[in-house]
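Chain naming here is simple, since letters A, B, ... match the order of the sequence lines and numbering starts at 1 in each. Small disclaimer: the values here were computed from a predicted structure and weren't measured.
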Protein chains: 2
Amino acid sequence: MLVAVIEGMRMDEPSRKPTLKDVAALSGVSVISASRVMRDAPNISPELRQKVESAAREIGYQRNRIARSLRGQATDLVAVVVPSMSNNVFPNIVDGIGDALSDTSLRLVLGMTKYVDRSEEAILRDMLTWNPASVILSGLEHSDATKEMLSDFSGPIVEVMDVDGDVIDYAVGVSMDEAGCLIARHLADRGYQRIAYVGAWGERPKRSLKRRLAFESELKNLGVPLVGSFILDEASSFNGGAIGTKSLLAQHPDIDAIFFANDDLALGALFYCQSQGIAVPGDIALAGYNGLEMCQSITPRLTTIVTPRYEMGRVAGELVKQQIRGEPPVQDRVIRMELELVEGETT
Amino acid sequence: MLVAVIEGMRMDEPSRKPTLKDVAALSGVSVISASRVMRDAPNISPELRQKVESAAREIGYQRNRIARSLRGQATDLVAVVVPSMSNNVFPNIVDGIGDALSDTSLRLVLGMTKYVDRSEEAILRDMLTWNPASVILSGLEHSDATKEMLSDFSGPIVEVMDVDGDVIDYAVGVSMDEAGCLIARHLADRGYQRIAYVGAWGERPKRSLKRRLAFESELKNLGVPLVGSFILDEASSFNGGAIGTKSLLAQHPDIDAIFFANDDLALGALFYCQSQGIAVPGDIALAGYNGLEMCQSITPRLTTIVTPRYEMGRVAGELVKQQIRGEPPVQDRVIRMELELVEGETT
DNA sequence: ATTATAATTGACAACGTTACCAATTAGAAC
DNA sequence: GTTCTAATTGGTAACGTTGTCAATTATAAT
């Protein structure tokens with residue numbers, strides 16, 4: 001005579017994570033049926049659903065993403081590779097991406113390159129081993145190896161920030177050409193004749209270089225060629241702006257306007273000028289790039305170009321969402337967003 | 001008679017990702033041996049290593065993280081849940097975490113709660129389905145359900161930002177009590193008598209509330225009780241600082257000092273005062289919290305408390321790294337970092 | 001009532017890797 | 001030369017899920 005043995009109620013391990021098998025055992029259905037209920041598959045009877053759901057609730061079952069991804073070949077991860085977070089640009093972009101994806105199960109996996117090209121490659125290589133559903137990169141410049149890697153990546157690839165160059169898959173950004181020209185024309189219009197430029201990061205982010213080149217070339221067209229420029233090797237900072245300004249003025253005391261690679265530098269220059277009794281814009285005009293909120297709150301308001309940072313991120317996120325949902329690629333592969341020149345009181 | 005069929009060289013699919021099986025086939029060893037080489041297991045002959053490595057290189061093999069994690073039960077993911085990125089605090093923290101983990105294979109998975117408690121819970125629940133190696137949260141306040149979830153999470157849990165309260169596992173941060181008291185004493189020392197407070201976010205981040213309470217209570221001890229306070233419901237912003245100041249001054253025209261929940265608000269107030277011809281600190285003193293670089297560059301320099309944001313992130317990251325490597329938990333479970341009161345020119 | 005169709009449930013295998021155990025070989029000790 | 005241990009390699013199963021196909025049942029159409 002056999003003794004009934006109650007299986008499925010293993011009290012051995014203290015608290016292993018419950019799996020579908022546990023749910024199935026408790027609710028008395030097959031594993032696959034439990035799976036169907038959990039992922040809301042079609043053609044499920046109300047009773048089955050009820051049984052499985054209550055069992056799942058009872059033991060606190062959570063679907064295992066890893067197993068799911070292994071089987072399904074695709075993950076719910078979006079790889080996001082940006083240079084840095086201590087910066088006034090990329091956090092906004094990441095925020096936008098996050099908001100766009102907040103109504104999905106997609107998660108951001110973040111990588112920071114510190115503006116080292118070689119590093120983008122390494123990080124991306126590592127991230128691809130997670131089989132992400134999509135990849136979001138900053139800028140259009142990538143090493144050959146990076147492009148190679150991406151060429152056999154199957155999900156949507158979105159490059160955020162600028163749009164002047166070769167796009168892998170999709171690009172969301174603003175035109176560096178446009179930005180450079182806008183400022184060049186603005187300064188020329190205002191009658192400035194001795195114009196200079198200050199950059200940072202050794203111009204490693206190629207978009208700043210593109211912007212400067214456009215700026216330079218437009219100035220030449222307008223008959224007021226660039227007098228000089230100063231490129232910091234380190235990070236952008238207030239202090240860097242001051243250093244650049246000081247150095248340029250030492251070399252070219254007659255400079256009457258400076259365009260900076262970003263608002264941080266410009267603001268540092270503004271503070272420097274104020275501290276040195278240099279009148280802005282009387283003695284020298286200053287213009288920045290990015291349009292940080294703060295720069296519109298101070299006196300004098302900084303002349304700058306407002307970039308839609310959050311929006312770029314959001315649109316990139318929306319694009320990813322659409323593509324992953326399998327919606328057809330309706331839009332243009334390049335989404336060029338609006339730049340706005342804000343004429344402050346520093347030019 | 002049988003025809004020889006060359007197996008293993010399937011040209012059918014265009015470019016499936018190479019797996020260990022492919023590497024093994026090409027190098028003529030077993031799958032498991034290939035695996036051993038790829039993960040640098042002990043006791044591998046040089047020939048085997050060479051064969052496998054060159055085969056892997058040839059077909060561009062990359063280890064599949066998903067499969068690895070499924071088998072190994074642990075991932076290389078660190079779940080990071082913060083309120084927002086469009087903010088002057090959390091990007092620095094994330095940056096610090098990223099730097100600390102940059103020499104590991106650990107990846108950050110980012111979640112943003114938008115300061116909604118309920119949202120932290122949902123995001124964390126979702127993230128835990130990825131079986132992260134560790135979890136980093138902001139602040140010490142979490143819903144019961146969140147704590148419950150975390151209680152059967154096996155990896156290290158680090159709470160970043162503040163240290164006054166119940167710590168789950170590890171905490172890295174600064175003391176809100178200390179911050180509130182520092183500013184209270186500073187203002188009292190300077191002889192201010194009619195002191196007010198401006199907060200934001202409806203005080204949802206509990207640490208700002210703790211800070212205010214400490215501030216209030218210390219002021220009371222010092223015999224100069226808080227005159228009034230204004231808590232914005234929305235996000236912190238320059239404008240919010242202006243609104244708060246305006247509103248407080250309307251109610252209590254004799255206020256002579258205001259402590260703000262952060263530098264953004266304080267700066268907005270400063271600009272507002274400047275625009276209204278209110279002398280700072282002559283008519284009113286202003287103090288902020290965080291110590292943003294910019295606030296030390298403007299004139300007048302803002303009195304504020306500098307928080308080691310990047311460092312908190314870095315230390316949290318180091319902690320995670322150590323714990324995951326299995327090093328014994330040497331330090332205290334609570335790492336309290338230094339606050340610095342910067343006496344600017346606004347008080 | 002009978003056949004055809006849809007709804008519902010289940011069995012099995014597979015995703016790519018690695019833990020565990022077994023087998024073989026080489027080297028050391030006697 | 002024999003025995004024992006260590007080094008090296010391989011086989012099998014399993015991690016938890018879901019795609020595919022098969023089986024059963026209910027429903028609709030004849």
Side-chain angles (χ1 to χ4, degrees), chain A residues 8 10 13 16-53 55-56 59-77 105 128-133 154, chain B residues 8 10 13 16-53 55-56 59-77 105 128-133 154:
Chain A
R10 308 188 275 172
E13 310 131 86
R16 191 181 38 96
K17 254 192 187 164
T19 71
L20 269 181
K21 208 191 284 184
D22 302 317
V23 175
L26 181 59
S27 51
V29 304
S30 71
V31 172
I32 185 67
S33 289
S35 167
R36 288 213 186 84
V37 172
M38 295 318 292
R39 72 187 126 107
D40 229 4
N43 300 335
I44 295 175
S45 71
E47 308 92 77
L48 179 71
R49 156 158 287 124
Q50 195 276 324
K51 272 191 290 187
V52 172
E53 280 180 346
I59 59 178
Y61 170 74
Q62 296 288 146
R63 292 162 84 192
N64 180 324
R65 244 357 183 299
I66 309 277
R68 194 135 69 94
S69 305
L70 178 58
R71 181 66 247 225
Q73 300 296 76
T75 64
D76 278 353
L77 298 174
S105 58
L128 289 180
T129 65
W130 278 109
N131 254 106
S154 54
Chain B
R10 310 189 274 173
E13 310 133 85
R16 192 179 38 96
K17 253 189 189 167
T19 71
L20 270 181
K21 209 191 286 184
D22 301 319
V23 176
L26 181 59
S27 52
V29 304
S30 71
V31 172
I32 185 66
S33 290
S35 168
R36 287 214 187 84
V37 172
M38 296 318 292
R39 73 188 126 106
D40 229 1
N43 298 335
I44 295 176
S45 71
E47 308 91 76
L48 179 70
R49 155 159 289 124
Q50 196 277 321
K51 272 192 289 187
V52 172
E53 279 179 348
I59 59 178
Y61 169 75
Q62 296 288 146
R63 291 163 84 191
N64 180 324
R65 246 354 185 300
I66 309 277
R68 193 136 70 96
S69 305
L70 178 60
R71 181 65 249 222
Q73 301 294 76
T75 65
D76 278 353
L77 297 175
S105 58
L128 289 181
T129 66
W130 278 108
N131 253 109
S154 54

*For the side chain of B/Leu70, starting at C-beta, report the closest nucleotide among D/dT8, C/dT8, C/dG16.*
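Nearest listed nucleotide: C/dG16.
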
*Any side-chain donor near an acceptor of the partner, B/Arg49 and B/Ser45, under 3.5 Å*: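 B/Ser45 and B/Arg49 do not have a side-chain donor-acceptor pair below 3.5 Å.
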
*asked:* Using whole Å, what does the distance between atom C1' of nucleotide D/dG19 and atom CE of A/Met38 come to?
replied: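 In whole Å, D/dG19 C1' and A/Met38 CE are 19 Å from each other.
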
*Take B/Asp22 and B/Lys17, measure what salt bridge (Lys or Arg N to Asp or Glu O under 4.0 Å) needs, and give me the verdict at the end.*
CA-CA 9 Å; B/Asp22 301 319; B/Lys17 253 189 189 167; over 6 Å; no

*Measure the distance from CD on A/Glu47 to P on D/dA26 and round it to the nearest whole Å.*
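After rounding, the gap between these two atoms is 11 Å.
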
_Where B/Ala34 and B/Val29 come nearest, the two heavy atoms and their spacing_ =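 Shortest heavy-atom separation between B/Ala34 and B/Val29 comes out as N-CG2, 4.2 Å.
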
*Please tell me which of the listed nucleotides, C/dT18, D/dG10, C/dA11, lies nearest to the side chain of A/Ile32?*
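Given the options C/dT18, D/dG10, C/dA11, the side chain of A/Ile32 is closest to C/dA11.
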
_Just the rounded figure in Å: distance from P of D/dT18 to NZ of A/Lys21._
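Interatomic distance, NZ of A/Lys21 to P of D/dT18: 15 Å.
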
*Under 4.0 Å: is that the gap between some side-chain N or O of B/Ser33 and OP1 or OP2 of D/dT9?*
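For D/dT9, neither OP1 nor OP2 has a side-chain N or O of B/Ser33 closer than 4.0 Å.
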
*Take the protein atom CZ of B/Arg49 and the nucleotide atom P of D/dT9, then report the distance between them rounded to whole Å.*
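The distance from CZ of B/Arg49 to P of D/dT9 comes to 10 Å, rounded to the nearest Å.
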
*Go through C/dT9, D/dG10, D/dT18 for me and flag the one nearest to the A/Arg39 side chain.*
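Nearest nucleotide to the side chain: D/dT18.
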
*Under 4.0 angstrom, heavy atoms only, what part of the nucleic acid is B/Leu48 near: base, sugar-phosphate, or nothing?*
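The residue B/Leu48 makes sugar-phosphate contact but no base contact.
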
*A/Met38 CE to A/Ile44 CD1 distance, which is reported to the nearest 0.5 Å*: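 Result: 10.5 Å between the selected atoms.
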
_Nearest whole Å is fine: how far is D/dT17 C1' from B/Trp130 CH2?_
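In whole Å, D/dT17 C1' lies 13 Å from B/Trp130 CH2.
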
*For the side chain of B/Asn43, counting heavy atoms from C-beta on, which of D/dT8, C/dT18, D/dT18 is nearest?*
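Closest nucleotide to the B/Asn43 side chain: D/dT8.
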
*asked:* Let me spell it out: for each of B/Gly72 and B/Val31, pick the nucleotide of DNA chain D with the closest heavy atom. Which residue's pick is nearer the 5' end?
replied: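 Here B/Val31 is the residue nearer the 5' end.
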
_Among C/dT17, D/dT18, D/dT9, the one nearest B/Ile44 by side-chain distance_ =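 The answer is D/dT9, which lies nearest to the side chain.
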
*Separation of A/Gln50 atom CD from C/dT9 atom P, in whole Å?*
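Atom CD in A/Gln50 sits about 13 Å away from atom P in C/dT9.
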
*Distance check: side-chain N/O of A/Ser35 vs OP1/OP2 of D/dT17, anything under 4.0 Å?*
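It does not, given that no N or O in the side chain of A/Ser35 lies less than 4.0 Å from OP1 or OP2 of D/dT17.
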
*Euclidean distance, atom CG of residue A/Leu20 to atom C1' of D/dG19 [Å, nearest integer]*: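 My rounded result for the distance is 14 Å.
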
_Would the base of C/dT17 count as contacting B/Arg71 through its side chain, where contact means a donor and an acceptor less than 3.5 Å apart?_
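Per atom types, no contact qualifies.
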
*Between D/dC15 and B/Arg68, is there an OP1 or OP2 to side-chain N/O distance shorter than 4.0 Å?*
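Looking at the OP1 and OP2 atoms of D/dC15, neither is under 4.0 Å from any side-chain N or O of B/Arg68.
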
_Once hydrogens and angles are ignored, does a donor-acceptor distance under 3.5 Å link the base of D/dG10 to the side chain of B/Arg36?_
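Side chain to base: pair found, below 3.5 Å.
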
*asked:* Please report the interatomic distance CH2(A/Trp130) to CG(B/Asp76), rounded to the nearest 0.5 Å.
replied: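 Interatomic distance, A/Trp130 CH2 to B/Asp76 CG, rounded to 0.5 Å: 6.0 Å.
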
*With respect to the phosphate group of C/dG16, does any side-chain polar atom (N or O) of B/Thr19 fall under 4.0 Å of OP1 or OP2?*
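No, B/Thr19 has no side-chain N/O under 4.0 Å of OP1/OP2 on C/dG16.
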
_I'd like to know whether A/Arg63 forms a side chain to side chain contact (heavy atoms under 4.5 Å, CB included) with A/Arg39, so could you lay out the CA-CA distance, the side-chain angles of the two residues, the decisive distance to 0.1 Å, and finally the verdict._
CA-CA 9 Å; A/Arg63 292 162 84 192; A/Arg39 72 187 126 107; 3.1 Å; yes

_Looking at C/dT9, I'd like to know if its phosphate oxygens (OP1 or OP2) sit under 4.0 Å from a side-chain N or O belonging to A/Ser45._
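For C/dT9, OP1 or OP2 has a side-chain N or O of A/Ser45 closer than 4.0 Å.
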
_Please report the distance, rounded to the nearest Å, between CD in A/Gln62 and P in D/dG16._
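Spelled out: CD on A/Gln62 to P on D/dG16 is 15 Å.
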
